[in-house]
**Student:** 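Quick one: this structure, given as structure tokens, is what I'll be asking you about.
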2 protein chains.
Amino acid sequence: MTMLPNQKVYHGVLEEIRIFIESNNLNPGDKLPSERELSETLGTGRSSVREALRALELLGIIETRHGEGTFLSTYRPFQTVEILASFILSEKTTKESLISTKKLIEKEAAKLAYNKLEDRDIAVLNEIICDLDTSSSQKDMDFFNYLLMKTENVLLMKIWQLIAEFSQTFEKPRYDAHVYQDLIHLYLKKEYSAIEELFVNQASSK
Amino acid sequence: MTMLPNQKVYHGVLEEIRIFIESNNLNPGDKLPSERELSETLGTGRSSVREALRALELLGIIETRHGEGTFLSTYRPFQTVEILASFILSEKTTKESLISTKKLIEKEAAKLAYNKLEDRDIAVLNEIICDLDTSSSQKDMDFFNYLLMKTENVLLMKIWQLIAEFSQTFEKPRYDAHVYQDLIHLYLKKEYSAIEELFVNQASSK
DNA sequence: TTTTTCCAAGTGGTCTGACCACCTATAATC
DNA sequence: GATTATAGGTGGTCAGACCACTTGGAAAAA
């Protein structure tokens, strides 16, 4: 294993694994050599190999199954975001930050989704809102989750989900019931420019 | 250490460290307990502690100095980026998510800051842009960092900082030079409603 | 006294070997 | 042929041993 001076072993292992994946043209789901095999091949201790593997696992690049082995994971970008979020979304983050960031994302998601919503999608949104069996907070969750999904921005969705989940613990400041309906009407009437206004008015009326 | 069944030890350690940081109100630069101390306190092996620490290091949450100790670092996911980049960041959708989320936050920050900018702040922004000694990418970073700071939304700022650093490694899609000046003019002329337009046009002209 | 030198203790870095828990293919049994 | 038992491979974890590096304070030198 080629190693720069002062470089930690697990960094080298990281690089070797990358090369292995590349040169063997591995795809998601494929199996990596066992920890023991890797450590023997690379001439390093198993603990160093494990440090590298654990890091890759946390990054969502690999997946380990006890008793089976280590596998290249099906592409899950932004797994990292979760870990980072758990450190950022600590107590130091103010409620105001959380709420306003969440609303900001919801507003923008409503705008981003505008061009990607088909009649069918709007119908789904309507169903979510009209369903009598779900609580209003659940409706809200479902509604924006669907919108976020339609934005096709995975990162934005992830961030919203994390904030939504975290803020659920202390409060659920929702929009007035009519806002969802209003938004749907704007979609139907193709009035993009009014979306921003809808959300801004809602926020200030609180 | 409270542990869910089937949960790996290093996940528990991760959580414990997070709690430690939070409850001791640690700030970037502060020292964490030594590996040996952690393993003793948590009743786990040192190797498990190391697996957690290595992962956190790769995420840029902590920093280790040989012979000195482990320190809380300002979130600088440089390492992460390199690893992610070399493994998966080739995926187009990932990049697009990053870029569009970043731009979205910048646009909204420009709007949120509007009411909080005093003449002095606008002067500072102007200086940042006009400074001949800094590169254009550095200007961009400083400019929006200042704006984000003025929004007084710490969470949004942190999210932006993370994304900004992530994006820095693979590409630097900047705004045209005049956009910064234009924004400053809008601030001076108190034309809030034109801010959105400025960013949207910029984005589509790309 | 002040300065310099040096070393012991603490810390991360790594390796080894030992178990345990889990999965699976295969052989033995029914 | 279907079922069961088992052995071997794999990840999960721990304990202990060294090494390399840093630092602060003791000891030596000025």
Side-chain angles (χ1 to χ4, degrees), chain A residues 1-17 20-21 24 26 28-74 79 83, chain B residues 1-17 20-21 24 26 28-73 76 79 83:
Chain A
M1 185 170 68
T2 61
M3 272 202 35
L4 284 64
N6 286 333
Q7 192 193 29
K8 293 175 190 171
V9 173
Y10 90 97
H11 270 118
V13 176
L14 235 36
E15 178 64 9
E16 290 297 327
I17 293 176
F20 180 88
I21 292 173
N24 290 68
L26 293 195
D30 290 346
K31 194 170 178 302
L32 263 60
S34 75
E35 298 179 351
R36 289 173 178 81
E37 193 179 334
L38 275 174
S39 71
E40 199 175 332
T41 306
L42 303 179
T44 66
R46 196 180 148 209
S47 51
S48 291
V49 171
R50 277 186 65 81
E51 288 182 10
L53 289 178
R54 254 7 82 217
L56 287 179
E57 186 180 49
L58 211 60
L59 290 179
I61 292 171
I62 62 169
E63 218 172 277
T64 52
R65 305 197 204 109
H66 195 173
E68 287 186 69
T70 306
F71 303 83
L72 205 52
S73 82
T74 33
Q79 147 108 20
I83 314 293
Chain B
M1 186 168 65
T2 62
M3 272 203 33
L4 285 63
N6 287 332
Q7 191 192 31
K8 293 176 191 171
V9 173
Y10 90 97
H11 269 119
V13 176
L14 232 39
E15 179 64 9
E16 290 297 328
I17 292 175
F20 181 88
I21 292 172
N24 290 68
L26 293 196
D30 290 347
K31 195 169 178 303
L32 263 61
S34 74
E35 297 179 352
R36 288 171 178 83
E37 193 179 334
L38 276 174
S39 71
E40 198 174 334
T41 306
L42 304 178
T44 65
R46 197 181 148 209
S47 51
S48 291
V49 171
R50 277 188 63 81
E51 288 182 10
L53 289 178
R54 254 7 80 220
L56 287 180
E57 186 181 48
L58 213 59
L59 286 177
I61 291 172
I62 62 169
E63 214 173 283
T64 53
R65 305 195 204 117
H66 194 174
E68 286 186 71
T70 307
F71 302 83
L72 198 56
S73 74
R76 298 202 179 280
Q79 314 253 39
I83 308 294

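Quick caveat: nothing in here was measured; it's all calculated off a predicted structure. Sequence lines set the chain letters: A, B, ... in the order given, protein chains first and strands last, and positions in each chain run from 1.
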**Student:** For S39(A), enumerate each residue passing the side-chain hydrogen bond (donor to acceptor under 3.5 Å, both in side chains) test, keeping only those at least two apart in sequence or located in another chain.
**Tutor:**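 side-chain hydrogen bond (donor to acceptor under 3.5 Å, both in side chains) check on S39(A) returns nothing, list empty.
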**Student:** Please list every donor-acceptor pair under 3.5 Å in which a side-chain atom of residues 28-35 of chain A meets a protein atom from a residue at least two apart or in another chain.
**Tutor:**
unit_1, atom_1, unit_2, atom_2, d
D30(A), OD2, N27(A), N, 2.7
S34(A), OG, E37(A), N, 3.1
E35(A), OE1, R46(A), NE, 3.0
E35(A), OE1, R46(A), NH2, 3.0
E35(A), OE1, R50(A), NH1, 3.2
E35(A), OE2, R50(A), NH1, 2.8
E35(A), OE2, R54(A), NH2, 3.1

**Student:** What's the NZ-P distance between K8(A) and dT14(C), to the nearest Å?
**Tutor:**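 After rounding, the reported distance stands at 7 Å.
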**Student:** What is the distance, rounded to the nearest whole Å, between atom CG of L42(B) and atom C1' of dT13(D)?
**Tutor:**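 So the CG-C1' distance, L42(B) to dT13(D), works out to 14 Å.
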**Student:** For Y10(B) and E57(A): C-alpha separation, side-chain torsions, deciding distance, then whether side-chain hydrogen bond (donor to acceptor under 3.5 Å, both in side chains) applies.
**Tutor:** CA-CA 11 Å; Y10(B) 90 97; E57(A) 186 180 49; 2.5 Å; yes
**Student:** Are the ring of H66(B) and the base ring of dG13(C) both nearer than 5.5 Å at their centres and tilted by less than 30°?
**Tutor:**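 So H66(B) does not count as stacking on the base.
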**Student:** Below 4.0 angstrom from OP1 or OP2 of dT10(D), is there any side-chain N or O of T64(A)?
**Tutor:**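 Indeed not, no polar side-chain atom of T64(A) lies that close.
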**Student:** Does G67(B) reach a base, just sugar-phosphate, or nothing at all? Heavy atoms under 4.0 Å.
**Tutor:**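 G67(B): base contact, heavy atoms under 4.0 Å.
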**Student:** In residues 31-38 of chain A, which ones come under 4.0 Å of DNA chain C, going by heavy atoms?
**Tutor:**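 Under 4.0 Å from DNA chain C: R36(A).
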**Student:** Using OP1 and OP2 only, check whether a side-chain N or O of T70(A) sits under 4.0 Å from dG11(D).
**Tutor:**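 Yes.
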**Student:** Looking at residues 47-56 of chain B, who's got a heavy atom less than 4.0 Å off DNA chain D?
**Tutor:**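 By residue number: S47(B), S48(B).
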**Student:** Measuring to OP1 and OP2 of dT13(D), would you say a side-chain N or O of T44(B) lies under 4.0 angstrom away?
**Tutor:**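 So the side-chain polar atoms of T44(B) never come under 4.0 Å of the phosphate oxygens OP1 or OP2 of dT13(D).
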**Student:** Distance check needed: dT23(D) P versus R65(B) CZ, whole Å only.
**Tutor:**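 My rounded result for the distance is 9 Å.
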**Student:** List for me each residue that meets salt bridge (Lys or Arg N to Asp or Glu O under 4.0 Å) alongside R36(A), sequence neighbours excluded, and say none if there are none.
**Tutor:**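 For R36(A) there are no salt bridge (Lys or Arg N to Asp or Glu O under 4.0 Å) partners, ignoring immediate neighbours.
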**Student:** Report yes if the side chains of V49(B) and I17(B) come closer than 4.5 Å at any heavy-atom pair, otherwise no.
**Tutor:**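 Heavy-atom side-chain distance check fails, nothing below 4.5 Å.
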**Student:** How long is the line joining CZ of R46(B) and C1' of dG10(C), in whole Å?
**Tutor:**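 Rounded to the whole Å, the gap is 11 Å.
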**Student:** Would you kindly give the CD-to-C1' distance between E68(B) and dT23(D), to the nearest whole Å?
**Tutor:**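 In whole Å, dT23(D) C1' and E68(B) CD are 8 Å from each other.
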**Student:** Which heavy atom of L72(A) sits nearest to which heavy atom of I61(A), and what is that distance?
**Tutor:**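 Closest pair (atom of L72(A), atom of I61(A), distance): CD1-O, 3.8 Å.
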**Student:** Which residues satisfy the side-chain contact (heavy atoms from CB on, under 4.5 Å) test with E40(A), sequence neighbours excluded?
**Tutor:**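 Partners of E40(A) by the side-chain contact (heavy atoms from CB on, under 4.5 Å) criterion come out as none, since no residue qualifies.
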**Student:** Using atom CD of E40(B) as one end and atom C1' of dG10(C) as the other, report the distance to the nearest whole Å.
**Tutor:**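 E40(B) atom CD is separated from dG10(C) atom C1' by 14 Å.
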**Student:** Heavy atoms, side chains only, cut-off 4.5 Å: are L42(A) and V9(A) in contact?
**Tutor:**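 No, too far: nothing below the 4.5 Å cut-off.
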**Student:** Supply the atom-to-atom distance T44(B) OG1 to E51(B) CD, rounded to the nearest 0.5 angstrom.
**Tutor:**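 It is 10.0 Å, given to the nearest 0.5 Å.
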